[in-house]
Amino acid sequence: MGIFRQNFDRPGPGVAKDAPRKKGAARYFEILGRDAGSLFKAGLLVGLAYIPVGLTAGFGLFSLSLPVTLLFAGVGGLLTGPLLAGLYDTVMRALRDEPGYWWHTYKRAMKANWKQAMVVGVVLNLLVGTQIFTALALLLGVMQGSLAFLFGLGLNVMVTSMVGTCLLPQLVVMEAGLGTLFKNALFCAVGFAPRVIAAALLQIVWWVLLLIFMPATAILVPLIGFWPIVLAATLIIYKPLEQALDLEARLAARRQEGDSEG
């Protein structure tokens, strides 16, 4: 943990208690220095859940069977969706600088969000599975694509990443129906387009690199595949999202409600 502790989380002489939060890389490493353990554990659970999903859906991919790919990807979303929600809850609490024992808050988040998260997990897995299948078919020459088709595929990937980037942080802090959450995510993607596009591109590049160098990178996916990039992407969009939806107040209210129930 020594490489993460470079005094980003230690107020120096003359630093006020209510000093403004750091920005950019300093803020990222500040959070790592304080919450790397919690982030790693939440990300590891997601990564482990995606191992059986990747193996089974991968069988469909390399046998070039879209129905098999989507079947296992969709069913896997029932598990990966709630675990992704748990990771995003951990990330959002870290960005909020909210204290608490990780396992206690993680279980509470899973209990509150698992139903909606299962639906989101299925939808995202189906979309991503279709996109990966199409890209693989194009690379293998099984499917021919015009420039317009390639542009449409790229746009589909970008929109999926943008909406997912805005949707999951809201899912873990807002008590609203999925229709409202998806609508808010679309408004977020359009209203904060520069930041959301940057966050989406960062995630796309991250996963393309991991996929290109498979199987060499396979061991890295459970360990660091999810939490570092989710933290970076959410940090990029956090400030405008918080201002628009008052997320920090919602998090504080949820925590107080949970403490009173406990």
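Just the heavy atoms: all of them, side chains too, but no hydrogens, waters or symmetry mates, feed the values below. Count residues from 1 along the sequence.
- Annotation: ring pair (Phe, Tyr, Trp, His ring centres under 6.0 Å) contacts involving residues 128-164, sequence neighbours excluded, are absent.
- Each side chain to side chain donor-acceptor pair (under 3.5 Å) pair with one or both residues in residues 129-150, not counting sequence neighbours, appears once here: Gln131-Asn156, Gln131-Thr160.
- In this structure, the side-chain contact (heavy atoms from CB on, under 4.5 Å) partners of Val205, at least two apart in sequence or on a different chain, are Leu209.
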Extract all donor-acceptor atom pairs below 3.5 Å that involve side chains of residues 70-88 and protein atoms in other chains or at least two apart in sequence.
from, atom 1, to, atom 2, distance (Å)
Thr80, OG1, Tyr50, OH, 3.4
Thr80, OG1, Gly76, O, 3.2
Thr80, OG1, Asn125, ND2, 3.3

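- Cluster membership check: Ile219 shares its hydrophobic cluster with Val53, using side-chain heavy-atom separations under 4.5 Å among Ile, Leu, Val, Met, Phe, Trp and Tyr.
- Listed by chain and residue number, Thr90 satisfy the side-chain hydrogen bond (donor to acceptor under 3.5 Å, both in side chains) test with Trp102 (two or more places apart in sequence, or in another chain).
- Checked against side-chain contact (heavy atoms from CB on, under 4.5 Å), Ala232 has the following partners two or more places apart in sequence or in another chain: Tyr28, Leu202.
- The SG atom of Cys166 sits 6.5 Å away from atom CG of Leu241, with the distance rounded to the nearest 0.5 Å.
- Counting only residues at least two apart or on different chains, the side chain to side chain donor-acceptor pair (under 3.5 Å) pairs with a member in residues 181-196 are Gln170-Asn184.
- Screening residues 179-206 for ring pair (Phe, Tyr, Trp, His ring centres under 6.0 Å), with sequence neighbours left out, gives no hits.
- Every pair tested for side chain to side chain donor-acceptor pair (under 3.5 Å) that includes a residue from residues 51-72 fails, sequence neighbours excluded, so the list is empty.
- Rounding to the nearest 0.5 Å places CZ of Arg27 at 8.5 Å from NZ of Lys22.
- A distance of 9.0 Å separates CE of Met162 from CG of Leu201, quoted to the nearest 0.5 Å.
- In this view, Gln203 and Thr165 satisfy the side-chain hydrogen bond (donor to acceptor under 3.5 Å, both in side chains) rule, not counting sequence neighbours.
- Under the side-chain contact (heavy atoms from CB on, under 4.5 Å) criterion, Ile224 pairs with Leu220, Trp227, Pro228, sequence neighbours left out.
- For Leu140, the side-chain contact (heavy atoms from CB on, under 4.5 Å) partners two or more places apart in sequence, or in a different chain, are Leu64, Leu136, Val142.
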